[in-house]
Amino acid sequence: MWGTGVGVRYYTPIGPVRADIGIPLNRRSGIDSAFQLYFSIGQAF
């Protein structure tokens, strides 16, 4: 499955705070949400 999205990063003394929104490109009716939000603290590896 493929998706696209955007995100923002805010750098703090303890690490980055991240917020992302993702949208599926081939949405499956009744299975996939229209979008998803992701919030996290720290580096993405």
Side-chain angles (χ1 to χ4, degrees):
M1 305 309 301
W2 289 87
T4 188
V6 296
V8 294
R9 308 291 184 264
Y10 181 74
Y11 294 95
T12 68
I14 62 168
V17 175
R18 302 180 297 143
D20 302 295
I21 184 169
I23 301 168
L25 294 177
N26 300 7
R27 186 173 171 208
R28 298 172 292 178
S29 180
I31 298 175
D32 296 326
S33 299
F35 64 92
Q36 290 187 339
L37 297 173
Y38 300 92
F39 297 99
S40 61
I41 299 173
Q43 296 291 338
F45 295 100

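The figures here come from the full heavy-atom set of this structure, side chains too, leaving out hydrogens, waters and symmetry mates. In this chain, numbering begins with 1 at the start of the sequence shown.
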Non-hydrogen atoms of [X] and [Y] that approach each other most closely:
| X | Y | value |
| --- | --- | --- |
| R9 | D20 | NH1-OD1, 2.9 Å |
| S33 | P24 | O-CG, 3.4 Å |
| G42 | R18 | O-NE, 3.1 Å |

Give a yes or no on whether I31 atom CD1 has more than 12 heavy-atom contacts from other residues, nucleotides or ligands under 6.0 Å away.
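Atom CD1 in I31 is crowded, with more than 12 foreign heavy atoms closer than 6.0 Å.
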
Does CG belonging to L25 count more than 12 external heavy atoms closer than 6.0 Å?
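Correct, the count exceeds 12.
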
For residues [X] and [Y]: do they belong to one hydrophobic cluster (side chain heavy atoms under 4.5 Å, members Ile, Leu, Val, Met, Phe, Trp, Tyr)?
| X | Y | answer |
| --- | --- | --- |
| Y11 | I41 | no |
| V6 | L37 | yes |
| V8 | Y38 | no |

Counting N and O atoms only, with roles assigned by atom type, does the side chain of R27 sit under 3.5 Å from a partner on the main chain of D32, one being a donor and the other an acceptor?
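Looks like yes, one N/O pair under 3.5 Å.
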
